[in-house]
Each structure stands twice: as structure tokens, then as C-alpha cells.
Number of protein chains: 2
Amino acid sequence: MVLLFARYVSMSETTTQPGDATSAAWSRLIRVPQVLLAQTEAALRDEGLPPLGWYDALVALRRAGEAGIRPFELQRELGLEQYNISRLLDRMVAKGAVQRRRCDADARGQVVRITAEGRAMLNRMLPVYRGAVRRHFADRLGPGDAAALAQILARLEGG
Amino acid sequence: MVLLFARYVSMSETTTQPGDATSAAWSRLIRVPQVLLAQTEAALRDEGLPPLGWYDALVALRRAGEAGIRPFELQRELGLEQYNISRLLDRMVAKGAVQRRRCDADARGQVVRITAEGRAMLNRMLPVYRGAVRRHFADRLGPGDAAALAQILARLEGG
DNA sequence: TGGAGTTAGATGCGGGCGCATCGAAGTTCA
DNA sequence: TGAACTTCGATGCGCCCGCATCTAACTCCA
């Protein structure tokens, strides 16, 4: 992962304050999650597990159960572009984590279903993922930090 | 950008609490900066400007001034992999933003220097970047949020 | 009912990244 | 001094993304 510093953006045209809180917060907000993500991905890779992107997809697929799910529903749920779902599913099929089958109700479409291997993969990913999150994130926060962080970040969502 | 949800990771094997603050904070910490980054990149792209990665590089190059800087120094300063610097410089040279010249002191190496076009590019990037940060980030925070955010994120750095 | 518009999904192309490796030049040390 | 090691920087390869576009099938409405 290319780690952006997103270093110092002065927020004012006139009064330049390199060390102001907004710049520091912005820079860290860009950089810290990149590092956390890289650490988490590395933990998964070290265990021979697929990247984190598969996690969300596998969780959604497991929730869909035996009935399966249409790719476009998965797409909306995961917030991915259509071609990314198409190719993610290609890769997951290739690894045996999901099955594609034709959709009886819509001949254009298909239904994807998690396989036993997919469930097993998710079960192997979870502790590794959880361990990385705990080690690199949860354990480093002070009491109240998680709630405060969640609250502040909520203000930045949806817009 | 593929937006990871990094949805819900239960932090405990036994007591599963889907809505707990740690999971919410983690999920948002992964997702929010991805969205902010995408919005910022989009703002730059809309203005025909290069991606944000160039910003840090151009700032470092401008700081180096006429003396220029060795690629390996730039690499360390930006925290990029060696091959990423090599290729970033390729692209920047191709766009006329920097010049490569041989290094008299070390025949293996080279010195890179920002050009007038590079400075102009940086000057065009800055207001667009700053505007996006203000709009999508600074203006959405409450008083004290930036400082609190910076402080919490600082705890997650360097490890 | 049939033509226009929409929706599901795949894919060709170019670009950037990560990995591994390479060659050239510098450094170290016996 | 010269052989082993390190450092600087480039690059081939495969993978994944974003963009644009395509085909096929579905829906809507006159």
C-alpha cells in the first residue's frame, strides 16, 4: 500500500499554522488507517488467507445462507462498483469459496452461494482479523477512546 | 477505490456484541478516510490535477529547492517503497514536474529537482486540496473534535 | 405487442502497486 | 588491493482497480 502522508494542509490562506489540530488530525486520519489496514492484511497474508475485502463478502454470503444472494445485492451491500463484485466473485469462485448458479427468476442474472470451503475460510480469517484489530487498534486505545472516535467519525460520514 | 466496510469484528470470542464501540470505531476508522480520500482525489481529478500522492512529493521537492534531493532520501521522507519512488518520479518527469540529473558524488545515483511546472502544479493543487479537506472534513467537525481526533490517532501511531 | 429505456453482469484496456530480481557502483575488511 | 557485502535505482511480472463499453434480458408504456 502506498502510504500517503497527506502532510500538512494549511487551512487558512493567510494565517499559516503548520501545527494546528485540524492538519494534524487530517494527516493522521489519512495515514493511521492505511497502516492499520496494511498490518491487518499482512497478518492475513502471513496465514495464507485472502485479503480483507473477502471478509465482508464472505460475511454477507454467509448471512445469505443456502438461498444465496444476487451479485447486484451483494454489490449494494458492500458498496463496491459492479465490476469489482464481478471480479471478486471470479476470484472467490476460482478459490472455491463461492458457487455461481443461474437465477431461475432472471435469466440475465445469477445467484451466488457460499460453499463449505468459503465458510471454513471465513472461520480461519476471523481470529486472525480479530487478533490484528485487537493488537494494533483496540489494545492501544484508552478507556472512552473508542466511543469518542466512533462519535467523531460518525460526523464525517454520509456526505 | 475499493471501499472496505471492515464490518463488525467481534472483539470477544464469547460475548458477542455487534454494536460495541470498538467495532464501530474500527469500522468507521477504516471506511471514513477511504471516502475522504476518494472525495479529495475526485476534486483533484476534476481540476485536471495529479493524484494526492504527488502532493507530498512536490512539497518535499519544493523544500529541497534548487539543490534537489536524492530519490532514496525522498523515499525515506515519504515512507514509500523504493520501486514506488522510482515510478512516481518516472511519471513526474514525464509530466515535466521534476528533472532527474546525475549525481556527481555518487555515480549510482541521481538528484531530482522540482521544475517551474512542478511548482505551478503544486500551487494549483493546494487550493483544491485545501478546499476538499475543509468541505469534507474540517467543516464537519465540532469544536474540539480535531484535537480529540488527533490525540486518539496519535496513540495508534508507531507500532 | 413492440419499441425505448433500464438493469444484470462481463470484459478489454491502461495504470499503479507488490514482489522479486537485477546491474552498477560504493564500502568494508582481511 | 581485491573479494564479499551493501546500497542505489530500474524493471519484468502478475494482480487488482477504474473506465468505458458490450450483450442479453427485463420492464414499461403507448
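A, B, ... follow the sequence lines: proteins, then strands. Residue 1 opens every chain.
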In whole angstroms, the gap separating P of D:dC17 from CG of A:L52 amounts to 13 Å
Using a cut-off of strictly less than 4.0 Å, decide whether A:R87 has a side-chain nitrogen or oxygen near OP1 or OP2 of C:dG12. no
Would you mind reading off the distance between A:E41 atom CD and D:dC15 atom C1', rounded to a whole angstrom? 14 Å
Pull out every protein N or O sitting under 3.5 Å from an N or O of nucleotides 26-29 of chain D, one pair per line with the distance.
unit_1 : atom_1 : unit_2 : atom_2 : d
D:dC26 : OP1    : A:A107 : N      : 3.0

Nearest whole Å is fine: how far is D:dT11 P from B:I85 CD1? 16 Å
Regarding C:dA10, can its base be found pairing with the side chain of A:Q82 as donor and acceptor, where the two atoms are less than 3.5 Å apart? yes
Contact nearer the 5' end of DNA chain D, comparing B:D90 with A:R91: B:D90
Run the salt-bridge test on B:R87 and B:E81 with the 4.0 Å N-O cut-off and return the result as yes or no. no
Candidates C:dA20, C:dA8, D:dG9 - which lies nearest the side chain of A:F72: C:dA8
Would the number of heavy atoms belonging to other residues, nucleotides or ligands and lying under 6.0 Å from CD of B:Q151 be above 12? no
Whole-Å distance between D:dC19 C1' and B:D46 CG? 14 Å
Min side-chain heavy-atom separation B:V111-B:D104 under 4.5 Å: no
Does any N or O in the side chain of A:T22 come within less than 3.5 Å of the main-chain N or O of B:A138, such that one atom is a donor and the other an acceptor? no
Closest-nucleotide ordering on DNA chain D, the 5'-leading residue of B:P71 and A:Y83: B:P71
Nearest-nucleotide pick for B:Q110, side chain only, options being C:dC17, D:dG9, C:dG9: D:dG9
Please tell me if A:R76 has a side-chain N or O lying less than 4.0 Å from either OP1 or OP2 of C:dA8. yes
Any side-chain N or O of A:R70 less than 4.0 Å from the OP1 or OP2 oxygen of C:dT7? no
Rounded to the Å, how far apart are A:E81 CD and D:dT21 P? 16 Å
Whether the side chain of A:R70 engages the backbone of A:Q110 through a donor-acceptor N/O pair (distance < 3.5 Å, no angle test) should be reported. yes
In whole Å, I'd like the distance from the CD atom of B:Q75 to the C1' atom of D:dA10. 13 Å
Taking any heavy-atom pair under 4.0 Å as a contact, classify B:R102: base, sugar-phosphate, or nothing. nothing
In whole Å, what is the span from the CZ atom of A:R45 to the P atom of C:dC17? 16 Å
Among D:dT11, D:dA20, C:dG9, which nucleotide has an atom closest to any side-chain atom of B:S86? D:dT11
Do B:W54 and B:L88 have side-chain heavy atoms sitting under 4.5 Å apart? yes
For atom CG of B:L74 and atom P of D:dA10, their distance in whole Å: 12 Å
In short, B:L149 meets A:L149 closest at the heavy-atom pair CD1-CD1, 3.5 Å
Check B:A97 against B:M121 and note the closest heavy-atom contact, atom names and distance. CB-SD, 4.3 Å
